[in-house]
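Comments concern the structure below.
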Amino acid sequence: MAAGENGATGATLIVGGTRGIGRRLAEQYAERGRHVVITGRDRDQTEAIATEIGGATTGVALDLTEPTQIHVALEPLGTVDRVVLAAIERDSNTVREYEVTRAIKLATLKLVGYTEVLHCLCTRMHDDTSVLLFGGLAKDRPYPGSTTVTSVNGAVTTMVRTLATELAPVRVNALHPGVVGDSPAWINATEFLASVKERTPTGRLVTMDEVTGAALFLLENTAVNGVNLAVDGGWVLA
Ligand SMILES: NC(=O)c1ccc[n+]([C@@H]2O[C@H](COP(=O)([O-])OP(=O)(O)OC[C@H]3O[C@@H](n4cnc5c(N)ncnc54)[C@H](OP(=O)(O)O)[C@@H]3O)[C@@H](O)[C@H]2O)c1
């Protein structure tokens, strides 16, 4: 692996960068003058969102639930400085009314899809490349219907260890948000958000900017490696 420069020269890839936390992080990297590449499933929509984000942002269409196609989608990328794996296709799926196809989608997306992106890009990484995986605190706070979400987010904690070992000296970390109050995922969940707020020691909900602040720390601090960081206002303590 060629040593990278401190000033970024390659791409900052944000898989799942069309909305929510991934998009917010893409905007912040674009403001820093990075060459950002966002992904979403629909090519036209992803390219349009890349234009909205502005700067040197481009869009690539990619579906993590179709892992054998990922290498084709990523072919146009050159050197990568940062890889953020933020995509999610939520699966509320109880054991009693289990929908296997939906569970397979989510398990494939995070476990195989996230890993395959790194497999495809590993020869385009350099010594200063860093990787961030998104898990989530459903791993510690299960709820009815969360079996697959809880399992895959739990698996992210262990993936970080193997990936940081295998890809060294590339750094690999994971971020596990609690319920992010201003993220689009919870836009119609007023009652749920109020109950989370009540059980959060800080007395308020985590914001997307707090999550992206933690993401920037994990991605940019050159000594942080193999870390699973919770950003939840202490929610898991309550
Ligand atoms: N929001 C929260 O409160 C929260 C809490 C805990 C953990 N997290 C974690 O944080 C990360 C970001 O969450 P978020 O709520 O910001 O996400 P989000 O708003 O739901 O956005 C999901 C992103 O994933 C992409 N995506 C969906 N299905 C995909 C597929 N099959 N293949 C590739 N990309 C796909 C979407 O793009 P298109 O729809 O354009 O394809 C979109 O860019 C996730 O990993 C999530 O598990 C979030």
Side-chain angles (χ1 to χ4, degrees), residues 13-28 36-50 52-53 57 59-70 73-74 83-92 101-102 104-117 131-143 146 148-157 159-160 174-189 192-193 196-197 200 205-212 214-215 218 228-233 235-236:
L13 173 67
I14 305 197
V15 176
T18 56
R19 63 170 181 274
I21 298 162
R23 177 175 176 157
R24 183 65 60 88
L25 190 57
E27 288 164 352
Q28 291 170 354
V36 177
V37 180
I38 60 163
T39 82
R41 285 164 294 180
D42 182 86
R43 180 177 308 280
D44 290 346
Q45 192 191 36
T46 305
E47 285 173 355
I49 293 168
E52 277 173 29
I53 291 171
T57 308
V60 162
L62 176 155
D63 187 340
L64 291 178
T65 68
E66 302 287 343
T68 57
Q69 304 304 313
I70 290 173
L74 295 177
V83 181
V84 177
L85 295 156
I88 176 82
E89 208 171 321
R90 288 186 170 78
D91 173 38
S92 179
T101 47
R102 288 179 48 205
I104 288 173
K105 267 199 164 193
L106 178 55
T108 305
L109 185 152
K110 281 214 180 183
L111 304 192
V112 183
Y114 278 18
T115 309
E116 175 61 4
V117 168
V131 173
L132 180 66
L133 280 68
F134 272 84
L137 284 186
K139 74 183 176 65
D140 301 319
R141 297 288 298 251
Y143 51 86
S146 80
T148 317
V149 176
T150 294
S151 305
V152 296
N153 287 337
V156 165
T157 62
M159 286 165 72
V160 162
L175 209 159
H176 300 272
V179 174
V180 185
D182 60 347
S183 65
W186 305 114
I187 202 145
N188 292 317
F192 171 67
L193 290 180
V196 173
K197 186 175 165 183
T200 303
L205 296 165
V206 169
T207 66
M208 289 204 288
D209 281 342
E210 287 168 330
V211 174
T212 57
L218 293 173
N228 280 286
L229 181 66
V231 180
D232 68 334
W235 182 50
V236 285

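Atoms within each ligand, like the ligands themselves, are counted from 1 in listed order. Values below: every heavy atom of this structure, side chains too, minus hydrogens, waters and symmetry copies.
- Summarising the geometry, atom CD1 belonging to I38 is positioned 11.5 Å from atom CG belonging to L62; distances are rounded to the nearest 0.5 Å.
- Protein residues with a heavy atom under 4.0 Å from ligand 1 are G16, G17, T18, R19, G20, I21, G40, R41, Q45, L62, D63, L64, T65, A86, A87, I88, E89, R90, L109, K110, Y114, F134, G135, G136, P177, G178, V179, V180, S183, A185, W186.
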Would you give me the side-chain donor-acceptor pairs under 3.5 Å for residues 105-112, sequence neighbours excluded?
| unit_1 | atom_1 | unit_2 | atom_2 | d |
| --- | --- | --- | --- | --- |
| K105 | NZ | E89 | OE2 | 3.2 |
| T108 | OG1 | I104 | O | 2.6 |
| K110 | NZ | F134 | O | 2.8 |
| K110 | NZ | N153 | OD1 | 3.1 |

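- Annotation: side chain of T148 is not in contact with side chain of R102 (no heavy-atom distance under 4.5 Å).
- If you take CG on L25 and CD1 on I14, they are separated by 4.0 Å, rounding to the nearest 0.5 Å.
- Side chains of V196 and W186 form no contact here, defined as non-hydrogen atoms less than 4.5 Å apart.
- One finds the CG atom of L137 at 9.0 Å from the CG atom of L175 (value rounded to the nearest 0.5 Å).
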